[in-house]
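Values reported hereafter were calculated over all heavy atoms of this structure, with side chains retained and with hydrogens, waters and symmetry mates removed.
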Amino acid sequence: MKPIHAIFCMLAIFLSFQPVAFAQKLEKKFDQMLNKKYPENGPGATALVAKNGRITYHKAFGMASMELDVTMQKDMVFEIGSITKQFTAVAILMLMERGKLNLDDSITKFLEDYPTHGHNLTIHHLLTHTSGIKSYTSMEKWAKEWRTDYTPKELIDFFKNQPMDFAPGEEYEYNNSAYFILGYIIEKASGISYESFIEENIFKPLKMNNSYYGSQSKIIKKRAQGYQRRDGYVNAEYLSLTQPYAAGSLMSTVEDLFLWNRAIRANTLISKESLALAFTNYKLNNEKKINYGYGWVLSDINGSPTIEHGGGIFGFATNSIYLPDEDIFVAVFSNCDCNPPGTVSTRIAALALNKPYPDPSDYIPVKNEILDTWVGVYDFEDGATRVVTREENQLYSQRTGGTRYKIFPMEKNTFAFENSFATLRFKAKDNQIHAYFASRTEKTDGLKTDRPIPKKNVALVDPSILKSYVGVYSLAPNFDITITLEQDKLMSQATGQEKFQVYPESKTRFFYKVVDAQIEFAEKEDGVVKSFTLFQNGQQIIANRKD
């Protein structure tokens, strides 16, 4: 019996060692990923991973204040941006349960003078971003108002007379005006301010002691400094937090957000039935699903359903993901809006799930003659066209109107998109070549056509003409495109993005290879080029020269 007993003891030790070894392996991978994305000499991040209600990983990276040389700590407070929308949605559901409102109430019940243009515009439409009202953050004149303190009614008056983008329920378009109005509805239905409602009904009961309605003037202990990127890092542009309001003004820590997640899972604040409303994948009038509930995005990670949301606000970028079937929660907050954590947090969640996404070490070499089999123009059932090309031994995929991505072979016929979770799988069948595109929110079949790959000829343009285009051009509020000339090549760099060459079709018109877009410079005025027009996705946007 002794040898058998010894074997069972050894087996027990081995089995108990397995989860520990797996956890240590995960910790090392998480560290590598986060250290690479948030190096110690730049703006940083905090990260938390929990499984089955227990925190398994909680660390900080980079700097909380570059000016004061303060390193990030894991309990730092961040502006969480649009993760605020979860709290707003739950507040609405709490008021619904108290009989203060109904989801099919017209917004005119609370805003009598709001112009609905004859439509029945409901609270449900606001919650699901299907209202069709104009989002104030997309209005060009909004940039001039960033520093101004507004009451909720004053800011609603700022955007309410804008034309609607579409009829309620016809389309999905992410909308900050909608969640701003929801904050005002919370105030009207509850009789107290949005700030007070969130503090008294959510933060205090859940002991979220490091969460706040945001303020730029209050002393908030362990507040991380927010940064943006121009030529280098700069302090974030000032934004009065009266303006994001119920769409994005809350502040918190990753650990407090974990407390929020546990309370939501336990139905502490709202019933199971009400929570199901928040986590329903709603449909448009044409029955197409929108992958959004009330305040949460509904997606999946390699087949496992997720409930998630990101946030972006001047100086900060945040993301949280919850996998309800596996009870895994991930949150990553960054104090630079130039370095959003959506990709790294998704990869972390996939690793915690033990369903990792491929990385470069998984790619395999494939001969060019096999790659050439997949080169061509593909029409997909969702109406998209994708062009697959090869340059040397590298395949590229570009959707009409979209970005050109490198795609890397995981198998001879299956390719992963660079810096993406999308894949493209090819299959030869019945003398035709099929392509199956899959991303986290989209799956569609395509068929190779006999149409030739569109090509553009590069024109020769005198360097003196190219030099006249050099300058900074404003494309949108807080978003510029800088044109430079480097070794007789015209280069374009958008705010917070990489620099790319633009190629001349003529003396005035240039095209990108990395994205399906063109720019055309205007004729000179007083010897100076004053603007260019960007052509992309069927739109024409004028960018005016700033310098």
Side-chain angles (χ1 to χ4, degrees), residues 15-16 18-34 37-38 45-61 74-75 78 80 82-83 85-87 89-90 206 208 252-269 272 275-276 278-281 291-293 295-311 317-334 340-359 420-421 438-441:
L15 292 174
S16 66
Q18 290 294 90
V20 174
F22 180 68
Q24 290 174 341
K25 185 178 180 181
L26 281 183
E27 182 180 11
K28 184 178 180 180
K29 286 187 176 182
F30 296 165
D31 287 347
Q32 289 172 343
M33 294 165 64
L34 290 161
K37 189 165 181 65
Y38 303 106
T46 57
L48 180 147
V49 181
K51 187 167 185 178
N52 297 324
R54 185 175 66 87
I55 296 173
T56 59
Y57 185 87
H58 189 194
K59 292 188 179 183
F61 303 84
K74 62 185 182 181
D75 57 351
F78 294 72
I80 62 174
S82 285
I83 290 179
K85 291 179 172 69
Q86 299 172 15
F87 295 85
V90 169
L206 301 185
M208 296 176 65
S252 192
T253 65
V254 289
E255 192 164 11
D256 267 13
L257 202 66
F258 173 59
L259 294 177
W260 164 248
N261 169 262
R262 299 318 293 172
I264 292 298
R265 177 180 172 85
N267 301 116
T268 302
L269 298 176
K272 182 178 180 181
L275 186 62
F279 294 163
T280 295
N281 189 347
N291 298 315
Y292 203 91
W296 275 275
V297 174
L298 306 172
S299 187
D300 77 274
I301 291 177
N302 290 324
S304 291
T306 64
I307 302 162
E308 57 189 89
H309 214 287
T318 58
N319 200 57
S320 67
I321 300 172
Y322 183 57
L323 295 122
D325 291 352
E326 295 81 9
D327 196 11
I328 293 172
F329 176 76
V330 176
V332 182
F333 293 175
S334 170
T343 298
V344 71
S345 58
T346 303
R347 290 194 177 278
I348 286 172
L351 284 165
L353 185 63
N354 202 21
K355 292 182 178 180
Y357 285 100
D359 61 36
S420 172
F421 302 111
S439 69
R440 294 191 62 209
T441 58

Query raised in the report: What residues, two or more places apart in sequence or in another chain, satisfy side chain to side chain donor-acceptor pair (under 3.5 Å) together with T346?
Result: none
Report task. Identify, with sequence neighbours excluded, every residue that meets side chain to side chain contact (heavy atoms under 4.5 Å, CB included) alongside N281. Result -> K289, I290, N291, L298
**Report entry** With A349 via side chain to side chain contact (heavy atoms under 4.5 Å, CB included) - residues at least two apart
**Finding:** I301, I321, L323, V330
Requested in this report: For F421 and T343, work out which heavy atoms get closest and say how close.
Outcome: CZ-O, 3.5 Å
**Report entry** N302 and L353: CA distance, side-chain angles, deciding distance, side chain to side chain contact (heavy atoms under 4.5 Å, CB included) verdict
**Finding:** CA-CA 9 Å; N302 290 324; L353 185 63; 5.5 Å; no
Query raised in the report: Of all residues at least two apart in sequence or in a different chain, which pass the ring pair (Phe, Tyr, Trp, His ring centres under 6.0 Å) check with Y292?
Result: H129, Y172, H309
Query raised in the report: Which residues pass the side chain to side chain contact (heavy atoms under 4.5 Å, CB included) test with A276, sequence neighbours left out?
Result: none
Query - Minimum heavy-atom distance S82-G310, with the two atoms named - result: CB-O, 3.5 Å
Query - Interatomic distance, L48 atom CG to N261 atom CG [nearest 0.5 angstrom] - result: 9.5 Å
**Report entry** Exercise: identify the closest heavy-atom pair between E326 and N52
**Finding:** O-OD1, 3.8 Å
Query raised in the report: Counting N and O atoms only, with roles assigned by atom type, does the side chain of T56 sit under 3.5 Å from a partner on the main chain of V49, one being a donor and the other an acceptor?
Result: yes
Requested in this report: Walk me through it: do W296 and T306 pass the test side chain to side chain contact (heavy atoms under 4.5 Å, CB included)?
Outcome: CA-CA 10 Å; W296 275 275; T306 64; over 6 Å; no
Query raised in the report: Tell me the salt bridge (Lys or Arg N to Asp or Glu O under 4.0 Å) pairs involving residues 260-269, sequence neighbours left out?
Result: R262-D327, R265-D327
Query - Validation row, ring centre F78 to ring centre F333 under 6.0 Å - result: yes
Query raised in the report: Can you list the residues that meet the side chain to side chain donor-acceptor pair (under 3.5 Å) rule with K37, with sequence neighbours excluded?
Result: N339
Requested in this report: Say whether, by atom type as modelled, one donor and one acceptor occur between the side chain of N319 and the main chain of S345 under 3.5 angstrom.
Outcome: no
Requested in this report: State which residues pass salt bridge (charged side-chain N to carboxylate O under 4.0 Å, His left out) with R347; sequence neighbours excluded, sorted by chain then number.
Outcome: none
**Report entry** Contacts of D359 that satisfy salt bridge (charged side-chain N to carboxylate O under 4.0 Å, His left out) - sequence neighbours left out
**Finding:** none
Report task. Just do the side chain to side chain contact (heavy atoms under 4.5 Å, CB included) check on I55 and E255 with the steps written out, would you? Result -> CA-CA 9 Å; I55 296 173; E255 192 164 11; 3.9 Å; yes
Query - Side-chain touch F61/M33, heavy atoms, less than 4.5 angstrom - result: no
Report task. Determine whether W260 and L269 make a side-chain contact, defined as any pair of heavy atoms from C-beta on separated by less than 4.5 Å. Result -> yes
Report task. Output all residues satisfying side chain to side chain donor-acceptor pair (under 3.5 Å) with D31, sequence neighbours left out; order by chain, then residue number. Result -> Y57, K59
Query raised in the report: What heavy-atom pair brings S299 and E308 nearest, and what distance separates the two atoms?
Result: CB-OE1, 3.8 Å
Report summary line: Tightest non-hydrogen contact, residues F258 and G53, listed as CZ-O, 3.6 Å
Query - Chi angles and distances behind the side chain to side chain contact (heavy atoms under 4.5 Å, CB included) call for V254, K74 - result: CA-CA 8 Å; V254 289; K74 62 185 182 181; 5.9 Å; no
Query - Reported CD1-to-CG distance for the pair I264 and L259, which is rounded to 0.5 angstrom - result: 12.0 Å
Query raised in the report: Can you name the side chain to side chain donor-acceptor pair (under 3.5 Å) partners of T253, sequence neighbours left out?
Result: none
Query - Any side-chain heavy-atom pair of S320 and I83 under 4.5 Å - result: yes
Requested in this report: Kindly give the heavy-atom pair with the smallest separation between D256 and S252, and that separation in Å.
Outcome: CB-OG, 3.3 Å
Query raised in the report: P305: what forms a side chain to side chain contact (heavy atoms under 4.5 Å, CB included) with it, not counting sequence neighbours?
Result: D325
